[in-house]
**Student:** 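Here it is: the structure, laid out below.
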2 protein chains.
Amino acid sequence: MDKSDSLTILLVDDDLDVLGAIARFLRTHDIGVVVAESAHTALQRLQEQHIDAIVTDLRMPKSNGLQFAVSARETRPLIPIVFFSGYAQVPDVVAAMKLGAVEFLEKPIDPDELLKVINRVRISHHGTLTTQRLAFDGLDQGYPLKMRVLAYEKYLIESSLLQHGGHISSVLESLQVNRRTLNDKMSKLGIKRDALIADTVAGNSKPAD
Amino acid sequence: MDKSDSLTILLVDDDLDVLGAIARFLRTHDIGVVVAESAHTALQRLQEQHIDAIVTDLRMPKSNGLQFAVSARETRPLIPIVFFSGYAQVPDVVAAMKLGAVEFLEKPIDPDELLKVINRVRISHHGTLTTQRLAFDGLDQGYPLKMRVLAYEKYLIESSLLQHGGHISSVLESLQVNRRTLNDKMSKLGIKRDALIADTVAGNSKPAD
DNA sequence: CTGAAATAGGCAATAAATTGCCGACACCAG
DNA sequence: CTGGTGTCGGCAATTTATTGCCTATTTCAG
């Protein structure tokens, strides 16, 4: 299946067996995979082509995963990063999560679990959402408070819409907001319900998480 | 400014020896400590009195620390929470950090380290901005849109204040907001400039509600 | 086809936020 | 002490947001 909305992830691990196995698995599930066996290579790939998310081993021979993540964030400030590791210590995990990791998996990796995580990324960073996240989160300086708050509000509403499959009444209940207010906000913030729900029909529209 | 105990933390652990020892240590460092030996008691304390931050064991006989944290957040959505545990598994740590934990310490607790963490909390969630952000959109859905947006706005203002060392005029420029508006927001959101700029020295506690 | 349910938008009353202007207070250098 | 700077809050005019009421449109089951 060729899907225009499929994700491309950057998979980083020094163990080529693991790299190959996971890459194969993900590709059979319509996820584009770019592999790299070192942090150095990974950073190159990150600059060469479009990557939607990073899945990386925490422990690698030369540069460790955290260091790599920091470098990666310099290029792509808010790219979602998923770590995995076989012998993670608590401080490592804490550091990774503080960096804003979306998930931290243990080796050996359960492919289905990884797939679930990636699908979650697919949803929360979908299309217009990604732009919004950048708007309110990445550019720490230079944007007025009001604009950033509005961008966040837009992001929250779009997320809720996606999570409820475009079902407005559910969103109203979830966000506990007046129906008229929500409509006005969506109009003002340029949120198109139709566009959002059309986006998700191809993949999983329900994050059963 | 009141020079007495400016910060009150809620310390939760089923091990009474640990509870007593840490409480004593913290009290000698001018930190108010309310102790609870169970999640149930802790939730009561949380409603009875003003608590600035929670320090809790992850593993407790009856209810686990995560469950407790979720309940605590229902009462105090953005209260800083520090976890500690002796036998933490990776998924536990990940879950705790996703909940927006400020820090995750390992048992046995190094008192000085805990003190350092608490002092970071004292200047209002300093440091791990990413973690803080996760606390917003990683937090369970179920909080009204308005509350979440306000929480984010509060976070933005506090961050900017910290970043500019409490210089209001710099914050005004950075956030491009009217001075009168910023003052009003700070007042409404319970942001105390004095408390934020008081560096490692004790400042005012903030009755953040 | 018909009617119920879900969604969207117009309009107007009400509530809240924004902002300029004024004065007050603290602090510091001269 | 005095004047300058930075901060804070009261007040009121203006703007914006919220929300209830009403109607239109679409969708879908019967």
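In what follows, every chain begins at residue 1, and chains take the letters A, B, ... in the order their sequences are listed. What you see is a predicted model; the values in this text were computed from it and never measured. Computed from heavy atoms alone, side chains included, the values below leave out hydrogens, waters and symmetry copies.
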**Student:** Please report, rounded to the nearest Å, how far the C1' atom of dT7(D) is from the CD atom of Glu173(B).
**Tutor:**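 Roughly 17 Å, once rounded to whole Å.
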**Student:** In this structure, how many angstroms lie between the P atom of dC27(C) and the NE2 atom of His167(B), rounded?
**Tutor:**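 Spelled out: NE2 on His167(B) to P on dC27(C) is 15 Å.
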**Student:** Rounded off to whole Å, could you give me the CE-to-P distance for the Met186(A) and dT7(C) pair?
**Tutor:**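 So the CE-P distance, Met186(A) to dT7(C), works out to 10 Å.
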**Student:** Sugar-phosphate means primed atoms, P, OP1 and OP2; the rest is base. With that split, encode nucleotides 15-29 of chain D 5' to 3' as B, S or - using protein heavy atoms under 4.0 Å.
**Tutor:** --SBBB---------
**Student:** Is the distance from OP1 or OP2 of dG9(D) to the nearest side-chain N or O of Ser187(B) less than 4.0 Å?
**Tutor:**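 No, Ser187(B) has no side-chain N/O under 4.0 Å of OP1/OP2 on dG9(D).
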**Student:** Salt bridge or not between Asp13(B) and Lys107(B)? Use side-chain N to carboxylate O under 4.0 Å.
**Tutor:**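 Yes, charged N to carboxylate O under 4.0 Å.
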**Student:** Set out, in order, the CA-CA distance, both residues' side-chain angles and the distance that settles side chain to side chain contact (heavy atoms under 4.5 Å, CB included) for Ile9(A) and Asp52(A), then state yes or no.
**Tutor:** CA-CA 6 Å; Ile9(A) 69 153; Asp52(A) 292 304; 5.6 Å; no
**Student:** For Tyr155(A) and Leu189(A): C-alpha separation, side-chain torsions, deciding distance, then whether side chain to side chain contact (heavy atoms under 4.5 Å, CB included) applies.
**Tutor:** CA-CA 10 Å; Tyr155(A) 161 71; Leu189(A) 296 172; over 6 Å; no
**Student:** Is the shortest heavy-atom distance from the side chain of Leu161(A) to the side chain of Ile168(A) under 4.5 Å?
**Tutor:**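 Yes. Closest side-chain heavy atoms under 4.5 Å.
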**Student:** Are Met186(B) and Val171(B) packed together at the side-chain level, in the sense that at least one heavy-atom pair is separated by less than 4.5 angstrom?
**Tutor:**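 Side chain of Met186(B) against side chain of Val171(B), heavy atoms only: no contact under 4.5 Å found.
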**Student:** Please report, rounded to the nearest Å, how far the C1' atom of dG20(C) is from the CG atom of Leu182(B).
**Tutor:**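 In whole Å, dG20(C) C1' and Leu182(B) CG are 16 Å from each other.
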**Student:** In whole angstrom, what separates Ile168(A)'s CD1 from dA5(C)'s P?
**Tutor:**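 Roughly 19 Å, once rounded to whole Å.
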**Student:** Examine dG9(C): is either OP1 or OP2 under 4.0 Å from a nitrogen or oxygen in the side chain of Asn183(A)? Give yes or no.
**Tutor:**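 Asn183(A) to dG9(C) OP1/OP2: no side-chain N or O under 4.0 Å.
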**Student:** Nearest whole Å is fine: how far is dT19(C) P from Leu145(A) CG?
**Tutor:**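 Taking CG of Leu145(A) and P of dT19(C), I get 11 Å after rounding.
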**Student:** Tell me every residue that passes side-chain hydrogen bond (donor to acceptor under 3.5 Å, both in side chains) with Arg180(B), counting only those two or more places apart in sequence or in another chain.
**Tutor:**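 Here the qualifying residues are Asp184(B).
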**Student:** Rounded to whole Å, please give me the gap between CG in Leu150(B) and C1' in dA16(C).
**Tutor:**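 So the two atoms are 12 Å apart, to the nearest Å.
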